[in-house]
Amino acid sequence: MSPDNGTAINIFSRPDALKPSHFQWCPGCTYGIAQTVIAEVIDEMALKENSVMVTGIGCHSAFIEHLGCNTHLALHGRACAVATGMKRVRPELVVFTIQGDGDLAAIGTGEFIHCAARGERFTVLFMNNGIYGETGGQQSPTTLVGMPTTTSVGGRDTEQSGAPIDMLKMIASFDGTGFAARVSMHSPGVALAAKKVIRAAFENQIDGVGFSVVEILNTCPTHWNLSPVDAMAFVGEEVVKQYPTGVFVDRRAGGSASPAAGSNA
Ligand code: SF4
Ligand code: MG
């Protein structure tokens, strides 16, 4: 697009921290949006050479193929343990994990909880879509009540499986947690708001305030059996009722924390 004076205006361009590789995710999966937002934060904070991303196992592992910062693929559920070692040895780096709900809320629950309790100075980006995506759509600890999965075809039943676990709410109660927030990717507005929150989490880490975590609500249209458009609407209308967005803990100097500050629009 060129204005009358002929000067080019750059409306959108690929972030420098995003490699020109083919995305591997299904149509309508919001992992691609989340990834672009994270890459833009890395660019804004000039972290490409000064950060390490540790991923768990799942569809989110493909971040390794796409993000242009330093990367490490951990064993299933062990990303927090690996990130602990990296941050303690190289405290000058910004270290963050990318973990799905199967990886973080089931297999890696122990690592996640104890890292928060110890106040480890790295950041967790928790990609919650309420289902095991890569392995075929099985029920996870964060699956909504009544949601059908391949291991709960009649929908999640609390008598059999208990209620969904709100990992962020639990971790927000820990003294070692310096920053805890939940964001979503289901519309342009909330994705833009999420960018500021992820940046705040990285700033928390740089300030050495404590453990930092951002839960990112994502879609899985393939295993939810919804169209991409309907999956986006489902997050905005239903998922946020179980998992409201907002900043729950912000111990930075001058930081404010209020779940009501979040927007589900
Ligand atoms: Fe995304 Fe689900 Fe497809 Fe995995 S299976 S890429 S989470 S839509
Ligand atoms: Mg998942």
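Position 1 is the first residue of the sequence; numbering continues from there. No experiment lies behind these values; they were computed from the predicted model shown. Just follow the structure's listing: the first ligand is 1, and inside any ligand the first atom is 1.
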*Determine, using ring centers only, whether Phe211 and Phe179 are less than 6.0 Å apart.*
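For Phe179 and Phe211, the ring centres are not under 6.0 Å apart.
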*With a cut-off of 2.8 Å, does any N, O or S atom of Cys220 fall short of it relative to atom 2 (Fe) of ligand 1?*
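Checking Cys220: at least one N, O or S atom is under 2.8 Å.
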Pull out every atom of ligand 1 sitting under 4.0 Å from any heavy atom of [X], numbered as shown with elements.
X      : answer
His223 : 5 (S)
Pro221 : 8 (S)
Asn129 : 7 (S)

*Please check if any side-chain donor atom of Gln205 sits under 3.5 Å from a side-chain acceptor atom of Thr123, or the reverse.*
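Result is yes, a qualifying pair exists.
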*So does Arg78 pair up with Glu111, basic N to acidic O under 4.0 Å?*
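Salt bridge between Arg78 and Glu111, a charged N being under 4.0 Å from a carboxylate O: yes.
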*Would you call Arg252-Glu203 a salt bridge at under 4.0 Å N-O?*
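Judged by the 4.0 Å cut-off on N to carboxylate O distance, Arg252 and Glu203 do form a salt bridge.
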*Look at atom 4 (Fe) of ligand 1 and say which protein heavy atom is nearest, naming residue and atom and giving the distance to 0.1 Å.*
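Nearest neighbour among protein heavy atoms for atom 4 (Fe) of ligand 1, to 0.1 Å: Cys59 SG, 2.4 Å.
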*May I ask you to identify the nearest protein heavy atom to atom 1 (Fe) of ligand 1, giving residue, atom name and distance to one decimal place in Å?*
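It is Cys29 SG, 2.4 Å.
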*Mind checking whether Asp157 and Ser152 have side chains closer than 4.5 Å, heavy atoms only?*
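No, their side chains stay 4.5 Å or more apart.
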*asked:* Could you go through Ser61 and Leu73, starting from their C-alpha distance and side-chain angles, then the distance that decides it, and tell me whether this counts as side chain to side chain contact (heavy atoms under 4.5 Å, CB included)?
replied: CA-CA 7 Å; Ser61 303; Leu73 179 65; 3.9 Å; yes
*State whether Cys26 contributes an N/O/S atom found under 2.8 Å from atom 1 (Fe) of ligand 1.*
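No - counting backbone and side chain alike, Cys26 has no N, O or S atom under 2.8 Å.
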